2 protein chains.
Amino acid sequence: MPKVSFRDQVLRAREDAIVSSVNRLLAEKGFDVMTVDEVAADVGIAKASLYKHFTSKEELAAAAMIRVLDRVLALIVTLEATTKASAVEQLKAVARWTMQVQLAGEMPSLPAQNSALRGALMTNKIYLDRLMEVSDKLGIWITAAQKAGQLNRKLPPEVILYTLFARACDPVLGLLKAGGQHSDEAIIELLLSTCFGGLGGR
Amino acid sequence: MPKVSFRDQVLRAREDAIVSSVNRLLAEKGFDVMTVDEVAADVGIAKASLYKHFTSKEELAAAAMIRVLDRVLALIVTLEATTKASAVEQLKAVARWTMQVQLAGEMPSLPAQNSALRGALMTNKIYLDRLMEVSDKLGIWITAAQKAGQLNRKLPPEVILYTLFARACDPVLGLLKAGGQHSDEAIIELLLSTCFGGLGGR
DNA sequence: GTCTATAGCCAGATAGAC
DNA sequence: GTCTATCTGGCTATAGAC
């Protein structure tokens, strides 16, 4: 019985378009450099109209960050349903996906300690909930993979978790893409290799 | 014959203090968030005086970036003189040092594709020269370590080089430090382990 | 809810006295 | 070369008509 009027659907579609623009601009320029004027121009509406949907630039960015987390959560749930692969394979699949998203120019960078965005996100319950949910689900795979000896047992699980988050925004991807020597697929396989296998020789 | 007047020495000392402040603020907040007013306040001089030494915010930041490169070059030269260690050990020593600098709050983050800073740096000959010099010297060690089988021969050398640069600014360090569970030394050893050895189990 | 227009603020950079 | 005071422009956010 979800009485959703046509009007509401249009509204949601517009908000979705806004969040998509924010997401792309966030990935491209970062929160501090991105301006609300750019977002408005990109969506094709007036800036004042944006503020009818979102009350601040921070909330705009938070919506984009939440959607990214929702996307990765959806992927995780899908992978959970496909129980064929081992824990470490599931983790690699997630890492591969985040790298694809980054190469597609749709992965906002991690909110650094400094960023003005960080403070706003830390008080955003929805964002924190999603972040915790992703962390929990990945944490289960991480400990399972360690138990199975697929991941180094000597590493504290949070080190592995943080590393996976960081690799999703790894600047090495951008540097290699700028170099133009490798295809996107090759870049991703190289980074997965260095992330899980390290730089060292066998 | 280095006729350096006392006045010049005072000048150099002041500029060095400025660059130190910029370096710290750059590491703490990033180029976009850092303001010239903050720098002036931190140094203890008027903003207008800053502009007598450096003509723009970008040049201010470039001076700090160049000094970091000079510091790492000095380290490399010292390590070259100490020929006891293998190539991969030299690389690890450099990586360890950059991580120490980062934990000390003195490592500016890599200028991202987006950053307003990147454009300015790409036209700064001194910066580019230093960057190339560091890259060349590290490149020699990288290929030597690959030849010796200490680093994975299948990895293109530039992938290893970029990875070392990226690990110098790895946000994982900050996340682990914020967690408060590990000492600085432990954090560095964990990251060196995941960087060279990977996340995988043996 | 959409727009145009503008308020209010703060940043980078400069003028000009000393 | 140092300072105080100011210019200029761009940004977030809002007012108010439709």
Side-chain angles (χ1 to χ4, degrees), chain A residues 4-19 21-22 25-26 28-65 111 114-121 123-124, chain B residues 4-22 25-26 28-65 108 111 114-121 123-124:
Chain A
V4 178
S5 71
F6 176 71
R7 205 180 173 78
D8 281 350
Q9 286 188 33
V10 173
L11 209 78
R12 290 289 291 266
R14 168 138 297 179
E15 295 200 346
D16 200 61
I18 294 172
V19 174
S21 279
V22 172
L25 287 169
L26 225 44
E28 182 186 329
K29 330 183 71 167
F31 178 76
D32 302 313
V33 177
M34 177 188 83
T35 70
V36 180
D37 289 85
E38 284 172 324
V39 177
D42 195 60
V43 179
I45 63 177
K47 179 163 57 168
S49 302
L50 273 188
Y51 280 96
K52 298 285 182 181
H53 294 277
F54 301 91
T55 66
S56 71
K57 183 185 177 183
E58 281 76 13
E59 198 183 308
L60 214 50
M65 301 296 291
N114 52 58
S115 177
L117 181 56
R118 187 180 161 83
L121 289 177
T123 64
N124 187 315
Chain B
V4 179
S5 72
F6 176 71
R7 204 181 174 79
D8 281 350
Q9 285 187 32
V10 172
L11 208 79
R12 289 289 289 266
R14 168 138 298 177
E15 294 199 347
D16 200 62
I18 294 172
V19 174
S20 290
S21 279
V22 172
L25 288 169
L26 226 43
E28 182 186 328
K29 331 184 71 166
F31 179 75
D32 302 314
V33 177
M34 177 187 84
T35 69
V36 178
D37 289 87
E38 283 173 324
V39 177
D42 195 60
V43 179
I45 63 176
K47 177 163 59 168
S49 302
L50 274 188
Y51 281 94
K52 298 286 181 179
H53 294 276
F54 302 91
T55 66
S56 70
K57 184 185 177 185
E58 281 76 14
E59 198 183 308
L60 214 50
M65 301 295 290
N114 53 57
S115 178
L117 181 55
R118 185 179 163 82
L121 288 178
T123 64
N124 187 314

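Here is how names work: the chains are called A, B, and so on, in the same order as the sequence lines, proteins then strands, and each is numbered from 1. When reading the values below, keep in mind they use all heavy atoms of this one structure, side chains included, and skip hydrogens, waters and symmetry mates. Values in this document were obtained by computation on a predicted structure and should not be read as measured data.
No side-chain heavy atom of Asn124(A) sits under 4.5 Å from any side-chain heavy atom of Glu58(A).
Lys57(B) places a side-chain N or O within 3.5 Å of a backbone atom of Phe31(B) that can act as its donor or acceptor partner.
At whole-Å resolution of the value, CZ in Phe54(A) and P in dT14(D) are 15 Å apart. Atoms CZ (Arg14(A)) and C1' (dT2(C)) sit 9 Å apart, rounded to a whole Å.
For the pair Ala64(B) and Leu26(B), the tightest heavy-atom approach, listed with the atom from each and the gap, is CB-CD2, 4.1 Å.
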> Can you give one letter per nucleotide of nucleotides 11-18 of chain C, going 5' to 3': B for a protein heavy atom under 4.0 Å from the base, S for sugar-phosphate only, - for none?
Replying inline: SBBBB---
Report all side-chain donor-acceptor pairs from residues 45-54 of chain B shorter than 3.5 Å, counting only partners two or more places apart or in another chain.
unit_1	atom_1	unit_2	atom_2	d
Lys47(B)	NZ	Asp37(B)	OD1	3.2
Lys47(B)	NZ	Asp37(B)	OD2	3.4
His53(B)	ND1	Glu15(B)	OE2	2.9

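Between dG1(C) and Ser49(A), no contact under 4.0 Å exists linking OP1 or OP2 to a side-chain N or O.
How far OG1 of Thr35(A) is from CG of Leu25(A): 8.0 Å, rounded to the nearest 0.5 Å.
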